[in-house]
Amino acid sequence: MTRAELRRYLEMLELSGEAVVVHAKLSSLGLDEGLDPYTFCELLVEAVGSGTLLMPAFTPSTLVLPPNPANGTSLGEPVAFSPDLATDDPVAEALRHFPGALRSQHPTHSFVALGPLARELLSTHRDNNPLGPLKKLNLHRGSVVLLGTNLQHAVGLHLALEARSLAVGSRRIALRVNAGSHIERVVIDNFPGCSRAFDKLEALLSLEVIKLVPLAQGSMRKIPLRYLLQLAHTVLEQDPLALFCNEPQCGDCSAAKARLSQRVLS
Ligand SMILES: [Zn+2]
């Protein structure tokens with residue numbers, strides 16, 4: 001995909017003036033050489049115009065993990081979050097370096113925002129509200145933009161689980177450098193779990209509601225967050241376990257399912 005094609009496809013998504021959270025995977029888009037993450041962000045910023053861009057800049061390396069139950073060894077030394085800690089998403093990492101971009105200070109689930117609503121979207125991002133910026137985005141009738149990614153990347157869907165108290169009990173500890181330059185342990189409640197099963201909603205997306213730009217490989221889509229959450233609620237109404245995966249080795253989903261079946265029994 002050339003720079004001109006990328007610009008045209010982004011235009012077709014009609015992002016101008018909107019508040020959007022972007023989940024992009026450049027390796028899935030077949031971009032020409034030279035279209036690096038920073039250039040990609042420049043075109044994205046241009047497409048959004050007077051709107052606001054939001055991107056997850058997550059840092060799971062700050063998590064204090066329990067020892068591996070199989071052999072008691074540690075699963076790796078955590079690093080402490082600081083505003084300069086790089087995220088492993090190259091696109092969010094590029095956006096973070098844009099003039100005017102803001103980043104929230106959540107140790108594991110920080111977001112980068114750029115545009116007139118940036119401060120507002122990040123304003124209630126507390127440690128126990130890891131997806132707070134997406135709640136704000138929903139209040140502002142924002143959309144989820146998937147660029148070479150699928151619904152497994154749409155972390156906003158965890159809001160449906162949280163709203164239905166299906167994600168209760170997920171607590172983690174992470175490290176952060178505090179204002180006094182000391183490393184502190186931060187307890188995070190409502191920690192979002194696994195997203196593997198979110199693609200079950202793919203088949204339900206209506207082309208009358210979403211914007212779809214098919215590509216040679218993959219696609220670009222804009223999906224109103226409110227609509228996506230409505231779909232999730234409809235599915236969860238039928239089956240509260242629908243958005244948990246069936247991978248036997250998935251600790252998150254196994255634990256959530258066990259907790260929920262206990263709740264049904266009690
Ligand atoms: Zn899972």
Side-chain angles (χ1 to χ4, degrees), residues 21-25 27-28 55-71 73-76 78 87-89 92 106-111 127-135 138 144 146 148-174 187-205 218 221 223 225 228-266:
V21 61
V22 175
H23 304 285
K25 192 173 171 199
S27 58
S28 304
M55 263 184 223
F58 297 165
T59 48
S61 57
T62 61
L63 274 175
V64 178
L65 297 164
N68 185 340
N71 54 19
T73 57
S74 166
L75 293 170
T87 168
D88 50 16
D89 175 350
H106 196 282
T108 53
H109 286 77
S110 74
F111 281 79
D127 294 340
N128 286 335
N129 189 17
L131 300 179
L134 295 174
K135 291 179 189 167
N138 194 30
V144 177
L146 301 174
T149 51
N150 60 26
L151 285 180
Q152 290 184 339
H153 294 86
V155 284
L157 279 167
H158 285 288
L159 297 181
L161 293 170
E162 198 183 306
R164 302 179 82 85
S165 302
L166 293 172
V168 285
S170 43
R171 170 177 286 188
R172 298 284 199 286
I173 294 169
V187 176
I188 305 164
D189 283 318
N190 305 309
F191 193 88
C194 158
S195 311
R196 277 192 203 97
F198 290 177
D199 58 2
K200 283 186 196 163
L201 299 177
E202 293 276 358
L204 303 176
L205 293 172
R221 291 181 290 178
I223 309 167
L225 179 54
L228 192 56
L229 291 173
Q230 275 167 4
L231 283 185
H233 282 298
T234 308
V235 165
L236 292 169
E237 194 71 45
Q238 299 282 322
D239 175 10
L241 301 182
L243 296 183
F244 296 113
C245 81
N246 293 318
E247 300 283 329
Q249 74 274 25
C250 178
D252 281 344
C253 294
S254 309
K257 285 194 272 194
R259 238 180 2 244
L260 289 171
S261 45
Q262 277 209 326
R263 198 194 288 173
V264 172
L265 290 175
S266 61

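Order of appearance sets the numbers: ligands from 1, and atoms from 1 within every ligand.
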Could you walk me through whether N150 and K25 pass the side-chain hydrogen bond (donor to acceptor under 3.5 Å, both in side chains) check?
CA-CA 10 Å; N150 60 26; K25 192 173 171 199; over 6 Å; no
Going by heavy atoms in the side chains, are L65 and P78 under 4.5 Å from each other?
no
Any non-hydrogen side-chain atom of H23 less than 4.5 Å from a side-chain atom of M55?
no
Please list every donor-acceptor pair under 3.5 Å in which a side-chain atom of residues 192-205 meets a protein atom from a residue at least two apart or in another chain.
unit_1	atom_1	unit_2	atom_2	d
S195	OG	H158	NE2	3.0
D199	OD2	Q152	NE2	3.1
K200	NZ	A242	O	2.6
E202	OE1	R221	NH1	2.6
E202	OE1	R221	NH2	3.2
E202	OE2	L151	N	2.9
E202	OE2	R221	NH2	3.2

Count, waters excluded, of protein N, O or S atoms under 2.8 Å from the Zn ion (ligand 1):
4
Centres of the H106 and F58 rings: under 6.0 Å?
no
State plainly whether the residues D252 and R172 are in salt-bridge range, i.e. N to O under 4.0 Å.
yes
